[in-house]
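Note: hydrogens, waters and symmetry copies are ignored here, and every other heavy atom, side chains too, is used. Predicted model only: the values in this text are computed from it and were never measured. Chain naming here is simple, since letters A, B, ... match the order of the sequence lines and numbering starts at 1 in each.
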Amino acid sequence: MKMVVAVLRHTELQRVQEALLALGIQGMTVSEVKGFGRQGGYTELYRAAEYAVRFLPKVKVEVAVPDGRLQEVLQAIQGSARTGQVGDGKIFVYDLLQVIRIRTAEKGEEAL
Amino acid sequence: MKMVVAVLRHTELQRVQEALLALGIQGMTVSEVKGFGRQGGYTELYRAAEYAVRFLPKVKVEVAVPDGRLQEVLQAIQGSARTGQVGDGKIFVYDLLQVIRIRTAEKGEEAL
Amino acid sequence: MKMVVAVLRHTELQRVQEALLALGIQGMTVSEVKGFGRQGGYTELYRAAEYAVRFLPKVKVEVAVPDGRLQEVLQAIQGSARTGQVGDGKIFVYDLLQVIRIRTAEKGEEAL
Amino acid sequence: MRSATVLASVLLLASRAWASEDLSAGDTAWMLASTALVMLMGPGLALFYGGMVRRKNVLATLMHTFVILCVVSVVWVLWGYTLAFGPDRWGLIGSLRWLGLKGVGQGPSGYAPTVPHLVFMAFQGMFAVITPALVTGAFAERMRFSAVVLFAALWATVVYSPVAHWLWGGGWLSNLGALDFAGGTVVHINSAVAALMAALVVGRRRGFPKEPMPPHNLPMTVLGAGLLWFGWFGFNAGSALASGGLATLAFVNTNTAAASAALGWALAERLQRGKPTALGLVSGAVAGLVAITPAAGFVSPLASVPIGAVAGLLCYLAVGLKHRLGYDDSLDVLGIHGVGGLWGALATGLFARLTLNPAGADGLLMGNPSLLLRQALASGAVVLYSALATWAVLKAVGLVVGLRVSEEHEVVGLDLSQHGESGYHF
Amino acid sequence: MRSATVLASVLLLASRAWASEDLSAGDTAWMLASTALVMLMGPGLALFYGGMVRRKNVLATLMHTFVILCVVSVVWVLWGYTLAFGPDRWGLIGSLRWLGLKGVGQGPSGYAPTVPHLVFMAFQGMFAVITPALVTGAFAERMRFSAVVLFAALWATVVYSPVAHWLWGGGWLSNLGALDFAGGTVVHINSAVAALMAALVVGRRRGFPKEPMPPHNLPMTVLGAGLLWFGWFGFNAGSALASGGLATLAFVNTNTAAASAALGWALAERLQRGKPTALGLVSGAVAGLVAITPAAGFVSPLASVPIGAVAGLLCYLAVGLKHRLGYDDSLDVLGIHGVGGLWGALATGLFARLTLNPAGADGLLMGNPSLLLRQALASGAVVLYSALATWAVLKAVGLVVGLRVSEEHEVVGLDLSQHGESGYHF
Amino acid sequence: MRSATVLASVLLLASRAWASEDLSAGDTAWMLASTALVMLMGPGLALFYGGMVRRKNVLATLMHTFVILCVVSVVWVLWGYTLAFGPDRWGLIGSLRWLGLKGVGQGPSGYAPTVPHLVFMAFQGMFAVITPALVTGAFAERMRFSAVVLFAALWATVVYSPVAHWLWGGGWLSNLGALDFAGGTVVHINSAVAALMAALVVGRRRGFPKEPMPPHNLPMTVLGAGLLWFGWFGFNAGSALASGGLATLAFVNTNTAAASAALGWALAERLQRGKPTALGLVSGAVAGLVAITPAAGFVSPLASVPIGAVAGLLCYLAVGLKHRLGYDDSLDVLGIHGVGGLWGALATGLFARLTLNPAGADGLLMGNPSLLLRQALASGAVVLYSALATWAVLKAVGLVVGLRVSEEHEVVGLDLSQHGESGYHF
Ligand SMILES: Nc1ncnc2c1ncn2[C@@H]1O[C@H](COP(=O)(O)OP(=O)(O)O)[C@@H](O)[C@H]1O
Ligand SMILES: Nc1ncnc2c1ncn2[C@@H]1O[C@H](COP(=O)(O)OP(=O)(O)O)[C@@H](O)[C@H]1O
Ligand SMILES: Nc1ncnc2c1ncn2[C@@H]1O[C@H](COP(=O)(O)OP(=O)(O)O)[C@@H](O)[C@H]1O
């Protein structure tokens, strides 16, 4: 099994989620993160103080998938998260040694 | 070494932590996430707008463990996080290439 | 490619970021976490209730790096995040099977 | 001789008492307090709206109301007050005689003979502030800041001042016999029609209505509603322009209608969707406050119960319309202030009783249908004028500074893109 | 002849002055302001409580107070006021003569001869609102919304109105000579006993006392305390029912006791646990406000210092009891309002001075032990009645709609499960 | 004979009217309301400051103002009031005749002949509270709690009370003819100079100025500013010490200057950096409120526009200084209250008009340069005294309890390390 971790713009989360649902993916875990990259930030002004905001809010999506479905999942995410502007984000793929569903103690692909 | 990542209900975090302490586990890292899965969500109503809340608040626990302790850790988490209701969450296991303790520069299992 | 994940004190984040920029690292992803470890916590008091706060706020930094740059990145983080007090945090290293830049569909080290 | 001296001193006393009766310390105390209370409705409205938008736009939304408090306060002192309340010209507008508050001083005025002219001016100024501030709910989360500033200055001058003059400054609608105790028509119908025009001219938010846009901080909205309710006591009971029985009547009606309307809205939610909500409860309270506004000094406390309850119900039904009709009146100014205000204007025509307020009239339930007609007419006139004039103001603003931020800035959020700030660093 | 005319006009003047003395604009201004201030204690309390619960229950907690403001406002106008203040029946309850505010108008009343009857009614109505709202702190985070609504309506009718009548409406406790300037017994002891009953009948929160349940937003609680302090000036100084020296005395005592009690609590924390806390400081302030409530118009500012300081100390000690005794009075209504209110009632019996207020009495320190006895007796009577009647109300509510949400809903949180909303989308 | 009786009763009436004119219900109503409003500036300031600090210090920052409200309220009743306003000794200080409020009662005082002495005392007490509370902005995020408590008690005694006496208690500066309507010199210049001393003595925050320290919750700051603006109506218009024309003038000037200054600051930001900010808008409003404070009862509403606008501009420029000069006045007390207060003191010397207030004077623009001189002299005297006396107070506090928390505690945050609490559990 693989863990697909994508860092996205907030605005694209809904489309990504729909693309994954369309593939029959049944679960995912999402968290708030801040990203630093090529995308230019903003300058924040507080009275006399100026701060360059280099960390922009992004959303991180984690989806565990069976090996056989990795490619279509990657394509679905990349297709639906893309706006073409700098800052669209990245997808990272990890190997997953084991998955357990806590409720049933099912293991491996059955647990997804 | 392995990284054990569990997505749990907030209400079970304390029991999980106690179960791990009981095993002698000395550290963990926790974060807030939102989960989407088989567990049914709620409908939120704001004036005339209705939204299906498909993402439910969950808590993510990350514990790095020596290879030899993986099984007991998995069992401890699974045992203490289980309520039997849909939405209990999942445990994911990754391989860890390296761990460094920043304070001492200790490496590997010593750093845990 | 490797994913370097460091759990740090908030106060050291800026120095770590500068150290990585100095190495020419162009991107990273940051999130808020709570850490439990050897570092002593605080006691919170709310009227008659006392709670031991064992989870302390930490910050998690994720940096994907080409294999060849792993060592210098580890050193940069360890050097800049260290205060020498208990609670400085840990660095975890994972193997990364794949990285994709969503905007361009570039893959692998090119995507970093 | 002694008697003469006594008499003289009695007369002296009499003249003093007379003079101090001209300007009443008690009435002035209440008008000062009321003016402060209405000012607090500004921050109250800012929070009410600010909690309902998405996190990335919270500061911009707060600033809308705050900057209008600033802009219109100055405009009012300079020229707004004289346009609205200066000596009447042809029933349409005030003359410029009181430009820059010339002649508006510490002595009384014809509008309120027992309090300083300046406090009447300040009290009315707070109404001129809150009315365009209400409009901002329609174009929240996408309007340029400079457009808001310009809009407020123009709209207060071209729309608010004339309409206030028509009903309160001796203009044609008051001569017609229409009643508006504290601004159901002048403030609420007026701002709601302007809001609809703004929603149409400015256009929908990106993503509306598909993308979920839940309120980012409802406790903030509840606090805002609480401050609005509190401030509304000044708004309505202060509109008696004196302390005393009439102010008290308006005060009691205000509280009763707000309470009834909140329950009405919550009940409707409960019946239709199974759950009363916090946003519904406070929205209902505001709807009731709106509806009782024109009626507050003309109806009995018992009449405030149905006036409020119906307001809660009607406004609950009305806020659904925008999804069906497709305009994006983001924070429901039309649904709450328009529908509530119109119902209140008509309810005044139904429930008013001359015995409660000799400056009022009898309504339909007391056997006098003509008042209802006059209320409808006044509302209609304001709807028409406000729609046209607001349209013109928006077009002018659009030409000068542009109404809307760029799509990229809308996505990032107004706080960061327009103001270089984030609401929260948590 | 000329002299006769002068005399006539002097007499005319006299009669006018007389008439305007009947209804005082200044007194009415202060009572209107006070009523508004007490209303603001509603939102203040909502925030005070709302900040102390867990995030998932913030809206439900805010709604408790808000919906009670709505429900009791209507109940009061319809039947609550006449039950509490209508012409006395057997020293126990008011008659129904003023049902639906019949005969309660813009003229003065026997209760407060210089202000409109309606403002006395409204002022008292705000007390009827805040008292059951205080109770909600006991059953926070687990009560059904419909149960809260029904509880409030019944409790205001069956518990609050009679008790208010006994002490303030010409009932048996006032005839007995017990003093309660602004509600130490009627409001605080009464609500605290009801709170204890509610905590016992409804049962503990899931996880209490093992699971940590820290306040989710203490700045919200601090803001709430600030608004409570501010509103309490209306509560206590308004209870003089007129502007002037007595109102001023109550005002000064209120501020002094709140300050002293906050310091008392913080000092106790510092001594016992090393750290004064923000929650302690504001809880202490509220404890002091509670304690001075019955005494505010009867004691000197210097006496307010020990009254406050002891209140802070006692209530600090009292909030620990629930953990030892095992009941879950979630937000410490008993510990603060019960202990503070009882101490205040007795302190009135200690520190009262007839020279400060001719309508009062001398206390023990002035050599009169009988007042202390009467204070204890009145408190005891209210404790007894409130306990029994509240128990009956809770049982009735339980039968009709059920008191508690399901365990699953409690775990998810009331906001989502009962109201379909989340407090924050951050 | 009949005539005699009539006369007698007329005389009786006269004497009654006389008596009731001595103590005016209306004036007292306004002074009670004003005192409550100034008290609310405490929570307002707490939120204004609390939103600007980092999340880890929010409770500590809120507590600074809250505990000062408590400490100084008690100090004022015990000895502060008599030092500031007790019968004059050598033009420098009040005697101890009114220690513990002895002789300060429900009757009028020489300071304000139509309201109870006690309300004058309470009103002035709120000024004594807010002044040291303003200072806390300078040492936010690093001061020990016990040091804040001790500092407040000492500073109120040693710095505030004498300075208040000099200008308002019959001391040498008022004899000199310097004007300070509501505290530009006594409150704002005084606190700002103390703030600068505190910033210098306590030292910079760890990380200042390199590390970004953005405000953690700007909506909280905006709410605080809204409450400050609202409360300032009591501060300035209450300083007329009576209801009426003068209070109204001060009220209108307050609102106009706040609005103008907010626009001035926002415009300056827009011109210099392209973006007006929410923090800038509300900071500007506060700057305008500060600047109009000494002038509010002496100048015309039209003059308030430039007074405000210039204040906004000047303070915007001033807050930048600290980065250049290197001292860490964390929340810009000097930049806003110092610069705004000084400008206001001088502006009074420019714009004052005797015709508006016979107790005032003519300023430079009316052809009288001497007032300006007297204003500068009074400001200078206060700057000097406040700097020296504050320095001494800080040294004393440092010796007794230590000023600063340990570096480790500063890093963790004051909430957890000093108070054992977290502001938010989200
Ligand atoms: N080397 C990296 N390691 C971890 N996260 C990264 C890395 N590079 C980029 N990111 C994440 O991807 C986001 C987008 O990257 P950015 O360079 O701004 O745009 P793009 O991916 O379009 O080139 C960043 O905000 C950051 O969260
Ligand atoms: N494929 C997946 N990848 C990542 N996280 C998942 C996946 N499936 C489920 N989860 C996480 O596990 C949580 C529980 O899953 P759910 O299907 O609701 O219940 P259960 O695990 O009891 O079957 C989800 O809320 C989500 O956070
Ligand atoms: N086994 C572990 N798994 C995951 N995270 C850990 C583990 N041990 C420690 N951590 C993280 O590292 C942080 C610092 O650890 P701690 O033991 O307090 O100090 P130090 O690393 O200096 O020994 C913890 O707060 C926690 O977030």
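- Proximity to chain D (any heavy atom under 4.5 Å) is shown, for E:Val71, by both the backbone and the side chain.
- Heavy-atom pairs under 4.5 Å with chain D peak, among E:Val72, E:Val58, E:Val67, E:Leu78, at E:Val67.
- For chain E, the option among D:Pro276, D:Gly226, D:Gly231 with the highest count of heavy-atom pairs below 4.5 Å is D:Pro276.
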Original post:
Do E:Leu45 and E:Leu134 pass the side chain to side chain contact (heavy atoms under 4.5 Å, CB included) test, and can you show the C-alpha distance, the side-chain angles, and the key distance before you say yes or no?
Top reply: CA-CA 8 Å; E:Leu45 183 69; E:Leu134 289 170; 3.7 Å; yes
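- Using a 4.5 Å cut-off between heavy atoms, E:Met31 makes no contact with chain D at all.
- Using a 4.5 Å cut-off between heavy atoms, E:Val115 makes no contact with chain D at all.
- Heavy-atom pairs under 4.5 Å with chain E peak, among D:Val252, D:Thr248, D:Thr256, at D:Thr248.
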Subject >> Worked check of side chain to side chain contact (heavy atoms under 4.5 Å, CB included) between D:Phe48 and D:Leu228 >> reply: CA-CA 8 Å; D:Phe48 186 66; D:Leu228 281 172; 4.0 Å; yes
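- Looking at E:Ser422, the atoms closer than 4.5 Å to chain D (heavy atoms on both sides) all sit in the backbone: N, CA, C or O.
- Remark: the backbone N or O of E:Ala33 is not paired with any side-chain donor or acceptor of D:Trp30 at under 3.5 angstrom.
- Heavy-atom distances place the backbone of E:Ser417, and not its side chain, under 4.5 Å from chain D.
- In this structure, the ring of E:Phe145 has its center less than 6.0 angstrom from the ring center of E:His419.
- The main-chain N or O of E:Leu59 is found under 3.5 Å from a side-chain atom of E:Asp415 such that the two form a donor-acceptor pair.
- Ranked by heavy-atom pairs shorter than 4.5 Å toward chain E, the options D:Trp229, D:Tyr424, D:Phe426 are led by D:Trp229.
- A distance-only check finds no donor-acceptor pair linking the side chain of D:Asn253 to the backbone of D:Ile292 [under 3.5 Å].
- Here the side chains of E:Val412 and E:His409 are not in contact, with every heavy-atom distance at 4.5 Å or above.
- Counting heavy-atom pairs under 4.5 Å between each of E:Gln418, E:Met63, E:Glu421 and chain D puts E:Glu421 at the top.
- Counting only distance, with no hydrogens or angles, the side chain of E:Gln106 and the backbone of D:Leu356 share a donor-acceptor pair below 3.5 Å.
- No part of D:Arg54 comes within reach of chain E, as not one of its non-hydrogen atoms sits under 4.5 angstrom from that chain.
- In the model, D:Asp27 has no side-chain atom that pairs as donor or acceptor with a side-chain atom of D:Ser243 under 3.5 Å.
- For E:His117 and E:Tyr81, the distance between ring centers is under 6.0 angstrom.
- Here E:Leu32 is the residue among E:Leu223, E:Leu40, E:Leu32, E:Leu62 with the most heavy-atom pairs under 4.5 Å with chain D.
- Counting heavy-atom pairs closer than 4.5 Å to chain D, the top-ranked of the candidates E:Leu101, E:Asn217, E:Val149, E:Thr35 is E:Thr35.
- Only the side chain of D:Ala285 comes within contact range of chain E, with at least one heavy atom under 4.5 Å from a heavy atom of that chain.
- In terms of non-hydrogen atom pairs under 4.5 Å with chain E, the most contact-rich of D:Ala262, D:Gly26, D:Pro219, D:Gly244 is D:Pro219.
- With a 4.5 angstrom heavy-atom cutoff, D:Phe233 touches chain E only via side-chain atoms.
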